[in-house]
Amino acid sequence: MRWSKAFHPTFRDDPSDAEAVSHKLLLRAGFMRQLMAGVYTLLPLGYRVAHKITEIVREEMNELGAQEFRLPTLHPKDVWERSGRWDAMGQEMFRFEDRRGSDVGLGMTAEEIFAHLASELRSYKQLPQNWYQIHTKYRDEARPKSGLLRVREFTMKDSYSLDIEEAGLDHAFDMHFKAYRKIFKRIGFEPIAVEASSGSMGGNESIEFMLKSDAGEDWIASCEGCGYAANVEKATSELAAESDEAGLDAPEKFATPGVRTIEDLEQFEGGAPGSRQIKTLVYKVDGKTVLLLLRGDDALSEQKLVDTVEAEEIRPAAADEIQEALGAQPGSLGGVGVTEHFIIADEALRGRTNMTTGANVDDFHLRGVSVERDIESNAWLDLREVKEGEPCVQCGKALAVFKTIEVGHIFKLGTKYSEAMGATVLDRNGKARPIIMGSYGIGIERALAAVVEASHDENGIVWPVNVAPFEVVITVVKPKDVECMEAGERLYDSLKGSGIDVLLDDRDERPGVKFNDADLIGFPYRVTIGPKGVAAGVVELVARRDGEKSEIRVEHAGETITEAVLANRR
RNA sequence: CGGGCCGUGGCGCAGUUUGGUAGCGCGCUUGACUGGGGGUCAAGAGGUCGCGAGUUCAAAUCUCGCCGGCCCGACCA
């Protein structure tokens with residue numbers, strides 16, 4: 001490709017309404033343009049990268065023995081109704097009526113459709129199967145953001161394993177785990193695999209692949225000592241041993257005028273530090289009032305509650321509901337003496353004595369509370385969100401908590417979808433058994449943006465060779481100089497002939513403009529061909545990543561550069 | 001969905017308070033000089049100021065309504 005004939009529109013300034021690095025750079029360097037909120041056009045540069053990522057994913061899926069399908073993106077309502085997700089997905093699914101008035105949804109994922117196809121399977125002898133597709137998905141996100149990191153229309157590789165035995169699922173899951181590791185490494189970054197919540201997918205085990213990045217929106221806890229890592233929606237930590245004094249024989253009520261928050265009570269004369277307070281949250285779980293008790297300095301992980309409590313609807317209670325249930329406003333709530341409501345206490349409160357909590361009378365608290373003596377909790381659960389620095393459950397080292405981008409997610413689904421779709425096969429004994437499914441996803445555009453987040457500098461993107469839009473750019477410093485231009489073209493032909501993705505910058509621009517554009521776009525290698533070099537019979541090779549320069553004799557240039565590129569392809 | 005900010009040539013912005021000829025930088029076109037990190041000079045093109053109503057002699061500017069975008073939060077496989 002000749003740059004003078006290409007559509008590679010670059011900007012000199014950062015676009016004003018982009019925040020994330022990948023968002024800024026992908027716009028500025030001419031990889032994409034926004035059409036509307038969460039919907040982007042990939043320009044030729046962007047599409048080349050997306051295509052290379054797709055090919056890597058495809059190769060690794062084929063390597064694993066998976067078969068590629070192509071499903072529709074138009075899904076009929078009834079298939080989604082059978083799994084219960086037509087309703088469960090709520091506003092997140094794009095929906096409309098066709099001309100006959102039939103309800104249609106745009107596919108956000110394909111468990112239903114693949115399970116529906118799997119109902120054609122008859123015998124365990126046809127299993128295992130591994131099915132996948134790489135296709136457009138639609139999700140009407142409430143808040144698309146950060147360029148390609150969170151969009152409403154995107155390409156996803158989604159695969160599905162079908163097995164008769166749990167052991168088969170374990171194997172398929174493991175194969176995907178390894179394939180994902182390899183895929184991300186080839187694409188150009190190494191995410192952390194973490195235990196995750198399965199959310200609305202269902203199933204009992206899932207692993208997310210997370211790339212550390214400030215542009216991300218998922219917090220994970222990870223341990224450098226032993227490699228334990230989990231999404232904070234799931235993470236646990238060792239509890240630091242607390243030594244409490246026995247305290248009083250019975251709770252003592254005391255006035256706390258104006259105290260509303262944990263911090264207020266810490267400051268209050270006669271109050272208590274957050275670690276000695278019991279925080280009381282009121283939730284509505286399928287309409288029932290439930291009290292959640294946590295240590296004052298712990299935060300509730302709502303996802304942990306959702307994951308452990310089987311319920312349709314879980315939400316914080318409204319102010320009037322709280323008043324009616326406990327007779328006091330938030331700030332003075334507590335579980336002491338409460339018997340008419342279900343109480344769930346966090347594990348961190350077990351055995352604690354001499355604590356302080358609300359008295360269920362506005363502006364009054366209780367001190368000297370022994371949790372197990374004074375509060376009739378109906379259940380003990382792990383509800384707290386892990387904090388930075390807490391000891392790892394496996395090795396005791398301090399956990400780090402940081403932000404990440406979710407670039408892949410694999411699920412052990414079980415039989416939820418196969419049962420809903422009637423996907424059963426006959427086993428060895430002639431008995432019908434639901435197929436055991438797993439599902440596995442990678443977002444292509446998000447992975448593309450993740451590479452940029454992971455690999456850039458102050459001058460622009462630094463593409464790994466494997467996914468670079470072009471592996472080499474030949475910068476002809478003075479295109480009007482016939483010798484320069486011809487030297488450039490000869491090298492271009494030579495590299496092209498060797499199968500290198502090469503772009504010839506033949507634009508009539510100043511060298512500085514070309515160098516800056518090349519750096520911004522991020523080609524891994526730049527060959528500079530100028531009058532001085534040509535006169536001396538050399539060209540200059542510059543590596544984008546470290547700026548390392550070397551002079552190469554013109555007659556060896558094609559060969560040397562080809563070798564350098566091939567050495568970095570994976 | 002709640003809160004905040006914003007919509008003016010392709011990009012970045014000023015002008016809106018106090019209504020009166022739509023402006024700047026970059027980019028773009030043509031030509032010349034130039035040519036190893038966004039060069040110089042000259043001459044140009046390009047905008048119904050997000051949309052619609054209203055007030056007014058007159059609206060980018062004031063009023064009302066709508067649409068769109070970004071950020072924070074809630075939500076989210």
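In what follows, every chain begins at residue 1, and chains take the letters A, B, ... in the order their sequences are listed. Since the model is a prediction, treat every value here as computed from it, not as a measurement.
- Rounded to an integer number of Å, the gap from CD of A:E509 to C1' of B:rG36 is 15 Å.
- B:rG52 and B:rU61 have their P atoms separated by 12 Å, with the value rounded to a whole Å.
- Contact annotation for A:M108: base contact, defined as any heavy-atom pair under 4.0 Å involving a base atom.
- Of the listed nucleotides (B:rC70, B:rG35, B:rG37), B:rG35 has the atom at the smallest distance from the side chain of A:D508.
- Among B:rC70, B:rG36, B:rC72, the nucleotide with an atom closest to any side-chain atom of A:K532 is B:rG36.
- Checked against the 6.0 Å centroid threshold, A:F470 and A:W3 do not count as a close aromatic pair.
- For the P atoms, the distance linking B:rU29 with B:rG10 amounts to 15 Å, nearest Å.
- Distances were taken from every side-chain heavy atom of A:E92 (C-beta onward) to each of B:rG35, B:rG12, B:rC76; the shortest belongs to B:rC76.
- Nucleotides B:rU55 and B:rA43 have their P atoms positioned 46 Å apart, rounded to a whole Å.
- When distances are taken from the side chain of A:P479 to each of B:rG37, B:rC70, B:rG35, the shortest belongs to B:rG35.
- On the P atoms, B:rC41 is 30 Å away from B:rU48, given to the nearest whole Å.
- At the heavy-atom level, A:A37 lies under 4.0 Å from the strands shown only through sugar-phosphate atoms.
- Contact annotation for A:S16: backbone-only contact, meaning every heavy-atom pair under 4.0 Å involves sugar-phosphate atoms and none involves a base.
- Between A:D174 and the options A:H171, A:H176, A:K178, a side chain to side chain donor-acceptor pair (under 3.5 Å) holds for only A:K178.
- Across the protein-nucleic acid pair, A:N516 atom CG and B:rC26 atom P stand 16 Å apart, rounded to whole Å.
- Side-chain proximity of A:V477 to B:rC70, B:rU34, B:rG36: nearest is B:rG36.
- Between the side chain of A:R143 and the base of B:rC71, no donor-acceptor pair of N or O atoms lies under 3.5 Å.
- A centroid separation of 6.0 Å or more is found between the aromatic rings of A:F154 and A:Y138.
- For A:E483, the CD atom is loosely surrounded, since the number of other residues' heavy atoms within 6.0 Å does not exceed 12.
- At a threshold of 4.0 angstrom between heavy atoms, the contacts of A:P9 with the nucleic acid are absent.
- Of the candidate nucleotides B:rC71, B:rG35, B:rG69, B:rG35 has the atom nearest to the side chain of A:P511.
- No hydrogens or angles were tested; on distance alone, nothing pairs the side chain of A:Q34 with the base of B:rG69 as donor and acceptor under 3.5 Å.
- Contact annotation for A:S146: backbone-only contact, meaning every heavy-atom pair under 4.0 Å involves sugar-phosphate atoms and none involves a base.
- A:E406 comes within 4.0 angstrom of sugar-phosphate atoms only, judged by non-hydrogen atoms across all strands, and of no base.
- Annotation: B:rG37 and B:rA14 have their C1' atoms spaced 30 Å apart (nearest Å).
- Across all strands shown, B:rG20 pairs with B:rC57; the Watson-Crick or G-U wobble distances both stay below 3.5 Å.
- If you measure from atom NZ of A:K24 to atom C1' of B:rG69, you get 17 Å, rounded to the nearest angstrom.
- Comparing A:K137 and A:G533 by the nucleotide of RNA chain B that holds the closest heavy atom to each, the one mapping nearer the 5' end is A:G533.
- Contact annotation: A:K145 reaches the phosphate of B:rC72 (side-chain N/O to OP1 or OP2, under 4.0 Å).
- A donor-acceptor contact under 3.5 Å links the side chain of A:D519 to the base of B:rG37.
- Classified by interplanar angle (parallel below 30°, tilted 30° to 60°, perpendicular above 60°), the ring pair A:F114/A:F69 is perpendicular.
- Set against B:rG35, B:rG37, B:rC70, the side chain of A:K478 has B:rG35 as its closest nucleotide.
- One C1' atom belongs to B:rU18, the other to B:rC24, and the distance between them is 23 Å to the nearest Å.
- Side-chain to base pairing of A:R510 with B:rG35: no donor and acceptor N or O lie closer than 3.5 Å to each other.
- Per the geometry, CG belonging to A:L27 stands 14 Å off C1' belonging to B:rG12, to the nearest Å.
- Ring-centre distance between A:H409 and A:F411: below the 6.0 Å cut-off.
- Here the P atom of nucleotide B:rG2 and the CD atom of A:Q91 are 12 Å apart, to the nearest Å.
- No option in A:E419, A:E112, A:H116 other than A:E112 meets the side chain to side chain contact (heavy atoms under 4.5 Å, CB included) test with A:S83.
- When all heavy atoms of A:A172 and A:S161 are compared, the pair lying nearest together is CB-CB, 3.5 Å.
- Counting non-hydrogen atoms under 4.0 angstrom, A:D14 reaches the backbone sugars and phosphates but no base.
- Atom C1' of B:rA22 sits at a distance of 25 Å from the matching atom of B:rC64, rounded to the whole Å.
- Side-chain N/O atoms of A:R526 and base N/O atoms of B:rG37 include a donor-acceptor pair closer than 3.5 Å.
- Judged by atom type and distance alone, A:D17 does not reach the base of B:rG69 through any side-chain donor-acceptor pair under 3.5 Å.
- Nucleic acid contact class of A:D13 (heavy atoms, under 4.0 Å, all strands): base.
- Nucleic acid contact for A:E233: none, since no nucleic acid atom lies under 4.0 Å from a heavy atom of the residue.
- Side-chain proximity of A:F11 to B:rC70, B:rC11, B:rC72: nearest is B:rC11.
- Rounded to whole Å, the P atom of B:rG69 lies 22 Å from the corresponding atom of B:rC76.
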